[in-house]
Amino acid sequence: SSLADSRLLLDVLDRRQLGTGYMVIGLCSGSHDGHQLCRADERVVGLFSIDGYAYRNAKYHQLYWASRLSHPLRSLKNVAGRVLPQYRLLEPRGADAEMIQWPTAVEVAADYQRFVQRRVSMAFVFTGDVHDTYLYADQHYDVFPMLRGAAQLRFLSHIDHTLTRRAAREEMIRYIREWLLKVTP
C-alpha cells in the first residue's frame, strides 16, 4: 500500500539521519496518500494538499444551483448528456471516476482536529477543475472550521487540476515555496 511504502521511506530517511520532521505534498490521490500518512505517522509535520478532500455544504449547493439557473442552455445540455448516449463524455464521471475511497467529512474533521493539536503545518489548494465538489474560496474553512487560523487555504479557480499550463505550474511552485519558507526555520 502507499501508506506502508511511505512509512518505509520515512524509516529509511530516519536511518540516514536526513531529518526529523517531514513535509508531504500531494496532488489528488497523492493528497489522499499524504493525509493518510499524516494520520498514521507523527513524523509528518507538514501537509500541503492540492485538490484533496473536498465536501459540499449548503453554500456550495446554493452557488451550484444559482449557476445552473443562470445558464439554462448549459444545464439542458448536461441533462441531454445523461439521457442521450451521443452526448455523453467517454470518460467516467463522478463515483465511476474515483480511484480511491474518500473518508467521510466527519472522519476528515476528526483527523484535522488531531493535526491541529499536533501543530501540523497545513495548506490546502483547490483548482477550478474540482467544481463538482468545490466552488468558492472559503468552502474548506466553512466545512472544517477548526482549520481557520490553523491552515492556509487558496482557491485557484483559473488553474486546471493537472497544471498543464506553464504559468499554472509556476504559480503553484511559488505558492508551495512561500508555504515552505513560512513553516520551516
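Note that these values count all heavy atoms, side chains included, but never hydrogens, waters or copies made by symmetry.
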### Message
Could you check whether Asp142 pairs with Lys59 (Lys NZ or Arg NE/NH1/NH2 to Asp/Glu carboxylate O, under 4.0 Å)?
### Response
no
## Note on the structure
Heavy atoms of Phe124 and Phe126 approach each other most closely as CB-CE1, 4.0 Å
### Query
How long is the gap from CG on Asp33 to CG on Leu3, to the nearest 0.5 Å?
8.5 Å
### Message
Applying the side-chain hydrogen bond (donor to acceptor under 3.5 Å, both in side chains) criterion to Glu171, which one of His158, Arg166, Arg165 satisfies it?
### Response
His158
### Message
According to a hydrophobic-cluster definition based on side-chain heavy atoms being under 4.5 Å apart (Ile, Leu, Val, Met, Phe, Trp, Tyr only), do Ile173 and Leu163 belong together?
### Response
no
### Message
A quick test of your reading: do over 12 heavy atoms of other residues, nucleotides or ligands sit less than 6.0 Å from CD of Glu170?
### Response
yes
### Task
Might you point out which heavy atoms bring Gly52 and Ser31 nearest each other, and give the distance in Å?
CA-OG, 3.3 Å
### Query
Charged N to carboxylate O below 4.0 Å: is that the case for Asp111 and Arg118?
no
### Query
How many angstroms lie between atom OG of Ser6 and atom CG of Asp11, to the nearest 0.5 angstrom?
11.0 Å
#### Entry: CA sep, side-chain torsions, deciding dist, call: Val45, Val120, side chain to side chain contact (heavy atoms under 4.5 Å, CB included)
CA-CA 5 Å; Val45 297; Val120 173; 5.8 Å; no
### Query
Does a donor on one side chain and an acceptor on the other come within less than 3.5 Å for Arg114 and Gln117?
no
### Query
Can you check whether Trp179 reaches Met23 side chain to side chain, under 4.5 Å on heavy atoms?
yes
### Task
Check whether any side-chain N or O of Asp129 sits under 3.5 Å from a backbone N or O of Thr162 as a donor-acceptor pair, and report yes or no.
no
#### Entry: Option from Phe155, Tyr112, Tyr55 for which side chain to side chain contact (heavy atoms under 4.5 Å, CB included) with His140 holds
Tyr112
### Message
When you measure from the side chain of Tyr141 to the backbone of Ala151, do you find a donor-acceptor pair of N or O atoms at a distance under 3.5 Å?
### Response
yes
### Task
Write down the atom of Tyr175, the atom of Leu153, and the distance for their closest heavy-atom approach.
OH-N, 4.1 Å
### Summary
Scanning both residues in full, the closest heavy-atom pair of Val108 with Pro103 reads CG2-CG, 3.5 Å
### Query
Do Leu18 and Val44 belong together in a cluster built from hydrophobic side chains that touch within less than 4.5 Å?
yes
#### Entry: Heavy-atom side-chain proximity of Ile159 to Val125 below 4.5 angstrom
no
### Intermediate values then yes/no, side chain to side chain contact (heavy atoms under 4.5 Å, CB included), Met172 and Leu27
CA-CA 11 Å; Met172 189 64 69; Leu27 165 67; over 6 Å; no
### Task
Grab the two heavy atoms, one from Leu13 and one from Tyr22, that are nearest each other, plus how far apart they are.
CB-OH, 3.4 Å
### Query
Between Ser49 and His35, does a side chain to side chain contact (heavy atoms under 4.5 Å, CB included) hold up when you go through it step by step?
CA-CA 8 Å; Ser49 170; His35 181 102; over 6 Å; no
### Query
CZ of Arg39 to CZ of Phe115: how many Å apart, nearest 0.5 Å?
7.0 Å
### Task
Please check if the side chain of Tyr60 supplies one atom and the backbone of Asp132 the other of a donor-acceptor pair under 3.5 Å.
yes
### Task
Find the distance between NE2 (His32) and OG (Ser2) and round it off to the nearest 0.5 Å.
6.0 Å
### Least distance between heavy atoms, Arg169 atom then Thr164 atom
NH1-O, 2.7 Å
### Query
Hey, is the main chain of Ala54 close enough, under 3.5 Å, to the side chain of Gln139 for a donor-acceptor pair?
no
### Query
Does Arg43 use its side chain to pair, donor to acceptor, with the backbone of Asp14 at less than 3.5 Å?
no
### Query
Under a 4.5 Å side-chain heavy-atom rule over Ile, Leu, Val, Met, Phe, Trp and Tyr, are Val24 and Leu9 clustered together?
yes
### Glu178/Arg154 under salt bridge (Lys or Arg N to Asp or Glu O under 4.0 Å): CA gap, chis, key distance, verdict
CA-CA 13 Å; Glu178 288 171 13; Arg154 287 209 180 155; 3.5 Å; yes
### Task
To the nearest 0.5 angstrom, please state how far the CG atom of Asp41 sits from the CD atom of Gln36.
12.5 Å
